[in-house]
Amino acid sequence: MRIPARYAPLLFSALLSSIMAIVSAFVLFVNQGFSAAFPSRWLTSCLTTWPVAFPTVAVVAPLVRKLVARVTA
């Protein structure tokens with residue numbers, strides 16, 4: 001099953017913001033180390049930051065694409 005192309009920007013935003021959530025696990029690990037509470041802290045972090053990350057990516061990605069197009073040959 002393929003997703004219609006009109007949903008590409010939303011899919012891109014969802015995937016990129018999900019990858020950012022994975023990066024947040026690394027940052028959390030570096031700053032606080034791993035403990036039994038790590039999964040719960042990471043889940044809390046994801047649930048509070050992903051709703052900000054998704055619309056941010058959705059708004060910023062087209063602007064970044066235009067900027068990249070301007071500065072590349």
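Quick caveat: nothing in here was measured; it's all calculated off a predicted structure.
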> How far apart are the C-alpha atoms of Trp50 and Ser18, what are their side-chain angles, what is the distance that settles it, and do they pass the side-chain contact (heavy atoms from CB on, under 4.5 Å) test?
Replying inline: CA-CA 7 Å; Trp50 191 81; Ser18 297; 3.9 Å; yes
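Ring-plane geometry between Phe38 and Trp42 is classed as parallel, the angle between the planes falling under 30 degrees on a 0 to 90 degree scale with a further cut at 60.
Ser13 is linked by a side chain to side chain donor-acceptor pair (under 3.5 Å) to nothing, counting only residues two or more places apart in sequence or in another chain.
In this structure, Arg41 and Gly33 approach most closely via the heavy-atom pair NH2-O, 3.4 Å. Considering all non-hydrogen atoms of both residues, Pro39 and Ala36 come closest at CD-O, 3.5 Å. Across every non-hydrogen atom of Ala5 and Pro9, the tightest pair is O-CD, 4.2 Å.
In this structure, the side chain of Thr44 engages the main chain of Ser40 through a donor-acceptor pair within 3.5 Å.
Val64 and Val71 are assigned to two separate hydrophobic clusters, defined by single-linkage of ILVMFWY side chains at heavy-atom distances under 4.5 Å. Criterion: ILVMFWY side-chain heavy atoms under 4.5 Å apart, direct or through other members. Under it, Leu16 and Leu10 are not part of a common hydrophobic cluster.
Within the 4.5 Å cutoff, the side chain of Cys46 has heavy atoms near those of the Ser24 side chain.
Summarising the local packing, CZ of Phe26 is surrounded by 12 or fewer heavy atoms from other residues, nucleotides or ligands at distances under 6.0 Å. A 6.0 Å sphere centred on CG of Leu63 holds more than 12 heavy atoms belonging to other residues, nucleotides or ligands.
If you run side chain to side chain contact (heavy atoms under 4.5 Å, CB included) between Met20 and each of Val52, Thr56, Val57, Leu15, only Val57 comes through.
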